[in-house]
Amino acid sequence: MTTRERLSSLGAIGTIVAALLRLTATAQQSDTCQRLATTALPNATIAGATRVDAGTFSPPVGPRGASEPYADLGAFCRITTTTPVPPASTAHTEIWLPIENWNREYQPAGGGFYGGTMPYARMREILRGASATSGSDAGLEGGIGALTQRPELMKNIANAPFHAMIVQAKALTTVFYGAAPRFTLMDECGGAGSRDALAMVQRWPGDLDVVAATGSTNWGTHHGLAQMWLYWATHKDEASYIPEDKYAAIHQAAVNACDAKDGVRDGVIEDPPHCRFDPGVMLCKGADGPTCLTAPQVAAVRKIYETPRHARTGAVLYGPMVPGSELSWPDMTARPRPYPYAVNFYRNFVFHDPNWDYKTFRPDFAGDVDRADAPDNLPMNAQNTDLAPFIDRGGKLIMIGGWNDDLGPGNNVDYYERVVRTVGAAKAKQGVRLFMVPGMHHCLGLEYPSTYRVNFDLPGAAKQWKQTGAAPEQIIVTTTRKGQPARPRLVCAYPKVSQYRGRGAVDDPANFTCRTPSS
């Protein structure tokens, strides 16, 4: 045998040995997954524990039929559990543990507004980033249908099933890897994801180390009320309706009034709460047209900017809309029907009437509010402002809101300010920050019509704060808009706002500073 033949033979043997080692490792990992099935969990049963090979997982068949396999996922250990939830439901949980390259982090996935489904899409995103993850249906299989047929299940939304899921996932993660997660974190936006994250901080302060919550929807009983407030501003009568082609002119008028206050005219209002814009300046001087407003339309715009309040007590119902957000309004104000969440909420939780019809309805922002805030509905809220237990154990919470959100961005501010008043400014500084991003809609990284796409590593910033103890007082986000180049922007921790220093390129954040706004 020649030297070349011997080397070729050795190479073939090496390939075979490597393949055998891989098969052995796969078999060992499969065995490890299966052995998890015997792990004892508090008040829960492990229904299955199996290895899922890379690119082969497909979510179970749902109402829309079979799904395509998640080809972008590596191999993982999939554990399913069941947990009884008193008085008479069962929560189903899935826990996914990456076989290779685990980043030593565990990140649960938030649920939907009314639960009932496994958040597979969010779990996919998390696992793709090499974190262990989990999801739960919270014992609400059927979602809103289950809640309307069995109102006692509303208690499940108080997050006890979610807490049980986190306890189970931490235990199984530690057994599987032989080490506990370095970080337990949540990074969620909107829907009920941010509500779930804030609820865990409030109700189970020992569960999470780091929380990144964007577009908070934590006031569930008032979410639909606020949407109805906006809809009714332009639908109380025919004269109040604002055609969609007028919103661009309203937005431009607001920008003209307040854009330059930060020292730069860039089409973005940096400090919307201190913008003094009166839509009365757009009152039509002659015939109605797309660039002016009739008197009833002026009143409607003023109503949209107004802070929603209880008609009898004057109590704040939700944060207000602000100047600069006008291009985001049409989904709430220009459609022939209220936003779908509002319709579901009024039908099922305000009036408990499957035949409720918005077409024959006139809102009552006193009686409707009182019915919405009935004790049975309160579990959908995450409004507790005493975050001292979470802060005292070293937890870090960063909230981000977009000033151009289509529903009361001031809700983020309202909750944050109440936290500061409850725990005190000094304690709040130890563990909570809020960043309000000018020009941003609801979630980071998403494309919305006529608003900026905003990119920023929010969980990374929160983890760095936890690791180093250095709280972020300002961040650099990157904004993009169709047809415009990407631009880095300085965003300051609320209540400070970014101000141009007066010299240098306006697309360089170093030429801006954080200042306390003045009215």
Side-chain angles (χ1 to χ4, degrees), residues 105-108 110 158-159 162-163 166 170 181-189 193-220 222 271 273 315-316 318-319 378 381-401 408-437 456-475 490-498 514-517:
E105 296 177 4
Y106 161 59
Q107 187 173 346
N159 292 90
F162 207 86
H163 166 67
I166 290 176
K170 285 183 177 181
R182 179 181 52 188
F183 281 118
T184 300
L185 67 134
M186 283 192 74
D187 169 28
E188 295 288 337
C189 175
S194 61
R195 186 201 70 87
D196 283 343
L198 290 173
M200 300 315 293
V201 168
Q202 296 166 19
R203 297 167 183 161
W204 311 96
D207 280 3
L208 301 170
D209 303 311
V210 171
V211 173
T214 310
S216 298
T217 51
N218 54 302
W219 206 347
H222 287 201
D271 183 18
V316 171
Y318 214 78
L378 295 182
N381 290 339
Q383 285 286 87
N384 181 9
T385 56
D386 185 6
L387 304 190
F390 175 74
I391 297 169
D392 286 344
R393 61 171 294 274
K396 306 300 180 187
L397 166 64
I398 298 182
M399 299 169 58
I400 281 189
N411 183 54
N412 300 279
V413 172
D414 173 74
Y415 179 70
Y416 172 78
E417 289 182 336
R418 289 189 295 111
V419 168
V420 173
R421 289 196 297 270
T422 300
V423 304
K427 187 175 290 293
K429 282 183 70 68
Q430 294 174 25
V432 185
R433 288 294 183 281
L434 169 65
F435 293 90
M436 294 299 297
V437 183
F456 176 68
D457 181 11
L458 180 57
K463 288 187 290 185
Q464 185 176 31
W465 183 9
K466 175 71 175 174
Q467 285 177 307
T468 66
E473 300 299 343
Q474 56 188 43
I475 60 176
L490 177 70
V491 179
C492 307
Y494 182 85
K496 292 187 175 182
V497 297
S498 178
C514 291
R515 67 172 178 85
T516 301

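Here the side chain of Ser194 pairs no donor or acceptor atom with the backbone of Ala213 at under 3.5 angstrom. Between the Tyr106 side chain and the Arg182 main chain, no donor and acceptor come within less than 3.5 Å of each other.
Put simply, CD on Glu188 and CG on Leu458 are 11.0 Å apart, with the number rounded to the nearest 0.5 Å. In this structure, CG in Leu397 is found 6.0 Å from CZ in Phe390, a value given to the nearest 0.5 Å. Interatomic distance, Asn218 CG to Arg195 CZ, rounded to the nearest 0.5 Å: 9.0 Å. Atom CD in Glu105 sits 10.5 Å away from atom CG in Asp187 (nearest 0.5 Å). For the atom pair OH (Tyr416) and CZ (Arg421), the distance works out to 11.5 Å, reported to the nearest 0.5 Å. Taking OH from Tyr318 and CG from Asn411, the interatomic distance works out to 4.0 Å, rounded to the nearest 0.5 Å.
The salt bridge (charged side-chain N to carboxylate O under 4.0 Å, His left out) check on Asp207 picks up nothing, with sequence neighbours excluded. With sequence neighbours left out, Trp219 forms a ring-ring contact (aromatic ring centres under 6.0 Å, His included) with His222.
Residue Val423 comes nearest to Ala388 through the heavy atom pair CG1-N, 3.8 Å, listed as atom of the first residue, atom of the second, then distance. For the residue pair Cys492 and Ser498, the shortest heavy atom distance occurs at SG-N, 3.6 Å. What you find for Asp196 and Phe162 is that their closest heavy atoms are OD2-CE1, 4.1 Å. Smallest separation of non-hydrogen atoms from Gln430 and Trp465: O-CZ2, 3.4 Å. Shortest non-hydrogen contact noted between Gln107 and Met186 is CG-CA, 4.4 Å. Of all non-hydrogen atoms in Pro517 and Arg515, the two that sit nearest each other are CA-NH1, 3.2 Å.
No side-chain heavy atom of Leu434 sits less than 4.5 Å from a side-chain heavy atom of Val419. Annotation: side chain of Arg433 is in contact with side chain of Glu473 (closest heavy-atom distance under 4.5 Å). A heavy-atom distance below 4.5 Å is not found between the side chains of Asn384 and Thr422. At least one side-chain heavy atom of Phe435 sits under 4.5 Å from a side-chain heavy atom of Pro472. With contacts defined as side-chain heavy-atom distances shorter than 4.5 Å, the pair Met399/Tyr494 does not qualify.
Heavy-atom neighbours of Lys429 NZ from other residues, nucleotides or ligands within 6.0 Å: at or below the threshold of 12. No more than 12 heavy atoms of other residues, nucleotides or ligands sit less than 6.0 Å from atom CD of Gln464. Heavy-atom contacts from other residues, nucleotides or ligands closer than 6.0 Å to NZ of Lys466 number more than 12.
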Next item on the list: Apply side chain to side chain contact (heavy atoms under 4.5 Å, CB included) to the pair Ile166 and Leu208, showing each step before the final yes or no.
Entry: CA-CA 9 Å; Ile166 290 176; Leu208 301 170; 4.2 Å; yes

Note to self: I'd like to know whether Lys427 forms a salt bridge (charged side-chain N to carboxylate O under 4.0 Å, His left out) with Asp392, so could you lay out the CA-CA distance, the side-chain angles of the two residues, the decisive distance to 0.1 Å, and finally the verdict.
What the structure shows: CA-CA 8 Å; Lys427 187 175 290 293; Asp392 286 344; 2.6 Å; yes

Next item on the list: Kindly indicate, with the supporting measurements, whether the criterion side chain to side chain contact (heavy atoms under 4.5 Å, CB included) is fulfilled by Lys396 and Val211.
Entry: CA-CA 6 Å; Lys396 306 300 180 187; Val211 173; over 6 Å; no

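Annotation: salt bridge (Lys or Arg N to Asp or Glu O under 4.0 Å) contacts involving residues 408-420, sequence neighbours excluded, comprise Asp414-Arg418.
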